[in-house]
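Below, read A as the first sequence line, B as the second, and so on, with proteins coming before strands; counting in each chain starts at 1.
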Protein chains: 2
Amino acid sequence: MKEIKSIAVLAARFSMLPGVGRKTALRYANAVIDMTDDEVDAFCAALKEVKSTVRLCEVCGNYTDGSVCELCNTRSKKQLCVVAYPKDVTAIENTGAFDGAYHVLHGTLSPMNNRTPDDLNIKSLMARLDGVEEVIVATNPDVEGEATAVYLARLIKPLGIKVTRIAQGISMGSELEYADAVTLSQALGRRTAL
Amino acid sequence: MKEIKSIAVLAARFSMLPGVGRKTALRYANAVIDMTDDEVDAFCAALKEVKSTVRLCEVCGNYTDGSVCELCNTRSKKQLCVVAYPKDVTAIENTGAFDGAYHVLHGTLSPMNNRTPDDLNIKSLMARLDGVEEVIVATNPDVEGEATAVYLARLIKPLGIKVTRIAQGISMGSELEYADAVTLSQALGRRTAL
């Protein structure tokens, strides 16, 4: 059967979303046909609104719709939790086990993918260490995440600041984003000095 | 953590898609942040294009971007396969086991939900039965689908047209949309006279 072009084009857009395959994308595209014009307009407006309002916090690099994010404005800066991506902030916040501030690197060190320290949000981390007592490195427990943790420890420990790593309660090779709240909470509680 | 409003609004839109829960919707919304402006514009354009180009075929009620769909234009009208929704046409076309034309009811009879024959695309079905030798009723094998099949059989058989039902190779209570091609193909092949 010849596909209707506009449906195929929309399905291709949906399949750019994480975890969406060809079949799911087609289901989504077909569901759009059943939406009202107003609903589609609202969908578009919401897409554009996200792009125009969400930016990176000037201090920590997390998503915000202001210039400085709510967490930077309200949390104590004595403990800084360093994560690779904004979604990891959400994961840790969902545990309720941490009440300090965050710093988002937007990636991890990866010689394979040519990601060097200059590509990560590290300069701004070094610039905000004044008054910080502990830096908790909460990158994924995989090769790149470990390498990033070791790199940060070598950089920050000489400044007399404690650098810790979340405990390997999370199994090696898995993704922080999918860890359940209890596991992630324990990993925070059992963090070890680097 | 306070959610960013525009992300929450977009996630609410994504959760209107079939099978998308709160967590998945948030993942999709976060993925949009990482898209370029051009990609978001293209996404919006694709959404609106589907709404503006896709309409219902004047003859069979299937989706089309013209006035009459490609299947109505090219297929023999001796056999008509009656389905509840356009997605069911796609499912049957994917089996390759049927080369006749279709008729889409846009629903099934449901006294519980106040859906009567007048709410379905049945008038246009009755108007196109001239020259039709067989009507195959391929609604879901559940209570509503069976009721619709029996209703159509009572309406059409008096006109001297053979009315058949796809075989119950598909297990009772399951959904046509998700049947694998082999099962659906066998169900078409073993259809029984009503």
Enquirer: Any salt bridge linking K48(B) with D37(A)? Criterion: basic side-chain nitrogen under 4.0 Å from a carboxylate oxygen.
Expert: no
Enquirer: Counting neighbours of NZ on K77(A) that are heavy atoms of other residues, nucleotides or ligands and sit closer than 6.0 Å, is the number greater than 12?
Expert: yes
Enquirer: Report the option among T74(A), N94(A), V54(A), T53(A) that has the most heavy-atom pairs separated by less than 4.5 Å from atoms of chain B.
Expert: V54(A)
Enquirer: Side chains of T108(B) and E144(B): is there a donor and an acceptor less than 3.5 Å apart?
Expert: yes
Enquirer: Between A12(B), S6(B), A11(B), A31(B), which has the largest tally of heavy atom pairs under 4.5 Å with chain A?
Expert: S6(B)
Enquirer: Determine whether a donor-acceptor pair (N or O, by modelled atom type, separation under 3.5 Å) exists between the side chain of K51(A) and the backbone of M35(B).
Expert: yes
Enquirer: Identify the residues of residues 17-25 of chain B whose heavy atoms come closer than 4.5 Å to a heavy atom of chain A, ordered by number, or report 'none'.
Expert: L17(B), P18(B), V20(B)
Enquirer: Can you tell me if H106(A) uses its side chain to pair, donor with acceptor, with the backbone of G61(A) under 3.5 Å?
Expert: yes
Enquirer: Restricting to non-hydrogen atoms, name the atom on T148(B) and the atom on L109(B) that form the minimum distance, rounded to 0.1 Å.
Expert: OG1-N, 2.9 Å
Enquirer: Would a 4.5 Å heavy-atom cut-off, applied to side chains only, mark M16(A) and F43(B) as touching?
Expert: no
Enquirer: If you define the side chain from C-beta out and look only at heavy atoms, does anything of I92(A) sit under 4.5 Å from Y102(A)?
Expert: yes
Enquirer: For chain A, find which of C44(B), A29(B), A45(B), A42(B) contributes the most heavy-atom pairs closer than 4.5 angstrom.
Expert: C44(B)
Enquirer: Spell out, as yes or no, whether a donor-acceptor pair under 3.5 Å connects the side chain of R75(A) to the backbone of A101(A).
Expert: no
Enquirer: Report which part of K87(B) has an atom under 4.5 Å of a heavy atom belonging to chain A: side chain, backbone, both, or neither.
Expert: neither
Enquirer: Is any residue of residues 117-140 of chain B within less than 4.5 Å of chain A by heavy atoms, and which ones?
Expert: none
Enquirer: Taking every non-hydrogen pair under 4.5 Å, which of T36(A), T64(A), I33(A) racks up the most with chain B?
Expert: I33(A)
Enquirer: Taking atom CG of N73(A) as the centre, does the number of heavy atoms from other residues, nucleotides or ligands within less than 6.0 Å exceed 12?
Expert: yes
Enquirer: So if you build clusters from Ile, Leu, Val, Met, Phe, Trp, Tyr with side-chain heavy-atom gaps below 4.5 Å, do I7(B) and V32(B) land together?
Expert: yes
Enquirer: Please confirm whether the ring centroid of Y28(A) lies under 6.0 Å from the ring centroid of F14(B).
Expert: no
Enquirer: Picking from V9(B), D34(B), L47(B), which has the most non-hydrogen pairs under 4.5 angstrom with chain A?
Expert: L47(B)
